[in-house]
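All heavy atoms count here, side chains included; hydrogens, waters and symmetry mates do not. Protein chains get the first letters and strands the later ones, always in sequence-line order, with residue 1 at the start of each.
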Number of protein chains: 4
Amino acid sequence: MTHRPAAAPPKVTKLNRVERNAWTKQKIFEAATKVVGKYGYAEASVARITEEAGVAQGTFYNHFESRQELLDQLLPKIGLDMVQFIRARTGTAHAARQEIERFSAFFDFIREVPEFLRILNEAEFFAPSGYQKHLDNISIAYVRILKRVRLAGAIDDYSDDEFEAIVHMFMGARGYLSRRYSYSADGVTAVPDHVITAYRKLITRGLFHRSGDNDDER
Amino acid sequence: MTHRPAAAPPKVTKLNRVERNAWTKQKIFEAATKVVGKYGYAEASVARITEEAGVAQGTFYNHFESRQELLDQLLPKIGLDMVQFIRARTGTAHAARQEIERFSAFFDFIREVPEFLRILNEAEFFAPSGYQKHLDNISIAYVRILKRVRLAGAIDDYSDDEFEAIVHMFMGARGYLSRRYSYSADGVTAVPDHVITAYRKLITRGLFHRSGDNDDER
Amino acid sequence: MTHRPAAAPPKVTKLNRVERNAWTKQKIFEAATKVVGKYGYAEASVARITEEAGVAQGTFYNHFESRQELLDQLLPKIGLDMVQFIRARTGTAHAARQEIERFSAFFDFIREVPEFLRILNEAEFFAPSGYQKHLDNISIAYVRILKRVRLAGAIDDYSDDEFEAIVHMFMGARGYLSRRYSYSADGVTAVPDHVITAYRKLITRGLFHRSGDNDDER
Amino acid sequence: MTHRPAAAPPKVTKLNRVERNAWTKQKIFEAATKVVGKYGYAEASVARITEEAGVAQGTFYNHFESRQELLDQLLPKIGLDMVQFIRARTGTAHAARQEIERFSAFFDFIREVPEFLRILNEAEFFAPSGYQKHLDNISIAYVRILKRVRLAGAIDDYSDDEFEAIVHMFMGARGYLSRRYSYSADGVTAVPDHVITAYRKLITRGLFHRSGDNDDER
DNA sequence: TATGAATGAGGCTTCATTCAT
DNA sequence: GATGAATGAAGCCTCATTCAT
């Protein structure tokens with residue numbers, strides 16, 4: 001998996017028809033990612049996307065039923081990249097520590113794939129169906145993690161329903177913070193440390209057992 | 001202050017020039033609130049708003065520089081109504097309890113002014129400047145509250161910067177939850193209890209001192 | 001009533017808003033008549049019509065909901081002009097003679113308003129709703145005439161249902177003949193005499209009493 | 001001759017190059033008949049036709065110069081089927097009777113090959129050149145018949161030119177009537193009796209000698 | 001100040017046809 | 001001959017904004 005696909009056809013060898021076809025679709029996809037990331041969904045006209053992709057406007061409709069269909073595929077696809085990315089960055093420390101790692105990794109991912117910020121944030125209104133899909137992808141996985149932690153004894157006193165609410169709060173908080181602290185004139189910047197520490201305090205004390213909290217100052 | 005403005009010109013039948021002028025602007029404003037609340041910013045065309053307001057399209061531009069200007073005024077204005085509403089619902093109990101009251105009051109407000117949901121949620125992308133203004137309004141007030149609580153000794157170990165981050169997390173969480181749990185087929189519904197309890201647990205344990213937590217089951 | 005509206009605004013005096021509005025709509029209408037008459041419905045794009053009318057494309061939609069709406073109004077409107085025209089050309093001779101007069105007048109009208117030919121002929125497929133309206137306008141009036149003639153004793157042995165079929169045959173025959181004999185490289189020409197005489201013979205012998213037939217050679 | 005061509009390649013499994021070629025063309029042809037018959041010429045895109053035929057779009061242009069060329073071949077081909085069909089249904093009774101038979105057989109054919117209705121009716125505007133060809137095919141044959149009848153003494157007083165006009169009237173009447181009475185929600189239905197009787201009366205009295213008229217009630 | 005018709009750029013999508021494989 | 005992706009022109013319609021009355 002790469003979230004930074006090569007900007008040129010993978011091989012120098014001649015591509016067969018199937019490969020050329022996939023490659024064109026890929027080009028459109030990447031162009032859309034770029035355009036939406038930079039200008040937002042609203043400004044991501046088919047004309048702009050195809051121009052960026054270097055294909056004719058008509059070509060677009062050989063690969064996607066409609067502009068909306070493409071838009072709805074954008075977030076879920078990159079969202080999965082994000083999940084992989086975060087998973088790779090999560091160690092084997094104790095539960096609270098891992099949650100902080102996930103929190104940090106999320107912001108790291110945003111810096112790696114700056115387009116993700118807008119693609120994620122605006123999706124709710126411009127690609128609702130894609131947004132829902134992403135939501136499900138994420139929250140299901142997240143709740144599963146929390147349940148496992150509870151099973152391991154590091155959390156108690158939270159019901160399944162409450163887990164779901166907590167997960168939504170986490171996601172909401174991250175989104176909000178990312179918008180607040182990560183946008184900048186040109187590009188995406190790191191999140192300030194005090195955001196991380198505030199999150200750590202809130203989470204470790206509020207969600208997990210009182211064991212540590214300050215065992216892992218960074 | 002009313003967040004439910006009268007639908008007819010104030011009492012007297014004869015209005016002078018200034019009053020008529022203000023009244024027209026007010027009509028447009030209310031129409032916009034209605035339209036955006038119902039259809040969202042994207043569908044809030046000048047034509048639709050003026051039709052709803054019962055004035056000609058041209059009239060719009062006698063009162064607002066552009067469509068965007070009006071849109072950017074929408075959220076900050078209603079946002080202030082919200083602040084008042086929440087303040088009125090917050091008692092004099094101890095700090096943690098008050099925070100739960102604010103959380104609940106937020107969701108109550110949404111049910112009182114259902115348009116607020118979309119006006120708030122979509123503002124970030126369709127009325128960024130108005131959104132920023134609202135954000136500042138809210139977070140400044142919120143941080144001030146937290147500082148006061150810290151001064152009173154109910155919170156410690158959080159810096160000013162961390163307060164700001166916490167406030168943003170709260171706002172993000174609320175927004176997310178309101179979208180997730182409050183929307184429904186026709187109108188806005190109450191938030192389920194488990195959302196409230198999850199919030200209470202997270203907040204009381206994570207933010208405030210360990211004194212209470214279960215002293216105020218509802 | 002005129003089926004040849006002036007190509008310039010009716011008066012030199014300044015027009016008020018209502019008049020200007022009507023005048024613009026009229027311009028679009030006439031442009032459409034011209035364009036459809038010359039190129040057919042299929043080629044009558046909004047761009048072409050508005051260009052012919054000398055207005056912007058957007059203006060079109062201030063006066064018509066859609067391209068189709070205008071197209072559907074074309075035939076019924078001109079169709080009424082035709083009815084008037086034919087009525088004015090029908091004398092007070094006996095019934096069979098009058099029918100021939102109507103037949104001839106129809107072809108005369110086509111020469112007066114050459115656009116009518118295509119507007120009528122293609123309407124069935126490109127403006128079905130307008131076509132139906134026209135059909136009703138015409139066939140109702142026609143059947144009424146035949147019934148009156150039957151009452152006067154000049155026709156017998158035809159039932160009401162059969163009248164309706166007869167009328168449709170007449171209309172179909174006229175349409176067919178007009179297409180066959182009236183089109184020409186540039187413009188519309190008169191129908192040859194033998195078409196008229198053939199029609200006369202068929203009708204007078206087939207529909208009316210055997211009295212005359214050759215009393216009115218032309 | 002069949003107007004209902006087999007849906008599978010003729011018997012043998014192995015076709016040589018020439019046969020395969022012809023078979024592909026035939027498939028496209030039948031697909032076009034089906035599509036135009038069902039959706040009309042305007043909706044008969046090359047994509048739709050080739051899909052229906054089960055071949056690639058490009059294949060189309062190996063067999064036809066352009067979409068229009070195929071469209072123009074449709075009517076003349078099926079038109080010949082119709083001539084055969086009608087001829088087979090025409091007995092050896094006296095002339096007037098035979099004309100009624102032809103009239104009825106026309107409507108019978110429409111029910112056998114329902115696609116013919118649209119292919120015929122819309123051809124004038126969507127396949128003018130094909131339409132003209134069909135027109136010539138039919139009217140020449142028809143005029144020949146009338147001349148023969150005149151020679152046999154059953155008609156007199158009509159010139160050759162008038163015959164041609166008469167034939168066009170007949171064709172127009174039939175087309176009109178078929179559209180009026182034969183279309184229905186799902187499929188093509190029989191023409192009501194009063195249409196037949198009206199036609200019989202008009203024709204027998206108007207065209208033929210006064211001998212019979214009621215000698216052949218059906 | 002109120003009106004509302006006029007403007008014209010720009011958006012999405014369709015489709016006949018071409019052409020490299 | 002068969003394939004089907006690529007092309008790009010053209011079509012219909014929306015909408016914020018302007019301006020003469």
Side-chain angles (χ1 to χ4, degrees), chain A residues 14-25 42-50 54-68, chain B residues 17-18 20-21 24-25 42-51 54-70, chain C residues 14-25 42-50 54-68, chain D residues 17-18 20-25 42-51 54-70:
Chain A
K14 288 287 186 181
L15 302 168
N16 64 30
R17 196 139 64 195
V18 173
E19 287 168 337
R20 274 191 65 80
N21 192 16
W23 173 242
T24 301
K25 184 166 186 173
E43 308 286 310
S45 64
V46 172
R48 223 172 199 168
I49 293 171
T50 50
V55 301
Q57 253 189 91
T59 301
F60 184 96
Y61 292 89
N62 288 334
H63 298 276
F64 300 94
E65 285 271 316
S66 67
R67 170 181 177 271
Q68 195 59 49
Chain B
R17 216 191 318 267
V18 174
R20 275 193 62 79
N21 196 355
T24 299
K25 184 165 186 173
E43 309 284 310
S45 64
V46 173
R48 218 171 200 169
I49 293 171
T50 51
E51 192 198 25
V55 302
Q57 263 191 81
T59 303
F60 185 96
Y61 291 88
N62 289 333
H63 298 276
F64 300 93
E65 281 277 314
S66 68
R67 171 179 176 270
Q68 197 57 52
E69 189 199 299
L70 164 60
Chain C
K14 290 284 186 178
L15 301 168
N16 64 29
R17 196 136 66 195
V18 173
E19 287 166 340
R20 274 191 65 79
N21 192 15
W23 172 240
T24 300
K25 183 165 186 173
E43 308 287 311
S45 65
V46 172
R48 223 173 198 165
I49 293 171
T50 51
V55 301
Q57 254 189 88
T59 301
F60 184 96
Y61 292 90
N62 288 334
H63 298 276
F64 300 94
E65 286 270 319
S66 67
R67 170 181 177 272
Q68 195 57 53
Chain D
R17 218 191 318 268
V18 175
R20 273 193 63 78
N21 197 355
W23 173 239
T24 300
K25 184 164 185 174
E43 309 284 310
S45 63
V46 173
R48 219 172 199 167
I49 292 171
T50 51
E51 192 198 26
V55 302
Q57 264 193 79
T59 302
F60 185 95
Y61 291 88
N62 289 332
H63 298 277
F64 300 94
E65 281 278 316
S66 69
R67 171 180 175 271
Q68 196 58 53
E69 189 198 301
L70 165 60

To the nearest Å, how far apart are [X] [atom1] and [N] [atom2]?
X	N	atom1	atom2	result
A:I49	E:dC12	CD1	P	8 Å
B:R67	F:dC15	CZ	P	9 Å
B:E43	F:dT14	CD	P	12 Å
A:E19	F:dA5	CD	P	14 Å
B:E69	F:dA16	CD	P	15 Å
B:R48	F:dA16	CZ	C1'	16 Å
C:F64	F:dT14	CZ	C1'	18 Å
B:E51	F:dT14	CD	P	14 Å

Which nucleotide in the set [options] lies at the smallest distance from any side-chain heavy atom of [X]?
X	options	value
B:Y61	F:dT17, E:dA6, F:dG1	F:dT17
A:T59	E:dT13, E:dA2, F:dT7	F:dT7
C:V55	E:dT7, E:dT13, E:dT17	E:dT7
D:T24	F:dA2, E:dA2, E:dA6	F:dA2

Using only atom types and a distance under 3.5 Å, with no angle test, would you say the side chain of D:R67 pairs donor to acceptor with the backbone of D:A44?
yes

Quick check: does any side chain N or O of D:E69 sit under 3.5 Å from a backbone N or O of D:E65, one acting as donor and the other as acceptor?
yes

So, is B:N62 near the phosphate of E:dA2, with a side-chain N or O under 4.0 Å from OP1 or OP2?
yes

Please confirm whether the shortest side-chain N or O distance from B:H63 to OP1 or OP2 of E:dT1 is below 4.0 Å.
no

Taking atom [atom1] of [X] and atom [atom2] of [Y], what is their separation to the nearest 0.5 Å?
X	Y	atom1	atom2	value
C:F60	C:T24	CZ	OG1	13.0 Å
A:F64	A:T59	CZ	OG1	12.0 Å
B:E51	B:S45	CD	OG	8.5 Å

By nearest-nucleotide position on DNA chain F, the 5'-leaning member of D:F60 and C:E65 is D:F60

Identify, between C:G58 and D:G54, the residue whose nearest nucleotide on DNA chain F lies closer to the 5' end.
D:G54

So, does the side chain of A:Q57 form a donor-acceptor pair with the base of E:dC12 at under 3.5 Å?
no

Can you tell me whether the side chain of C:N21 and the base of E:dA5 have a donor-acceptor pair closer than 3.5 Å?
no

Here's a test of your reading of the structure: between B:A56 and D:A47, which maps to the more 5' nucleotide of DNA chain E?
B:A56

One pair to check against side-chain contact (heavy atoms from CB on, under 4.5 Å): A:N62 and A:K25. What are the steps and the verdict?
CA-CA 9 Å; A:N62 288 334; A:K25 184 166 186 173; over 6 Å; no

C:N21 and C:H63: CA distance, side-chain angles, deciding distance, side-chain contact (heavy atoms from CB on, under 4.5 Å) verdict:
CA-CA 9 Å; C:N21 192 15; C:H63 298 276; 2.6 Å; yes

Stems involving DNA chain E: give each as a range paired with a range, ordered by first number, where a stem means at least three consecutive Watson-Crick or G-U wobble pairs under 3.5 Å.
E:2-21 with F:2-21

Shortest non-hydrogen separation from A:R48 to A:E43 and the atoms involved
NH1-O, 3.2 Å

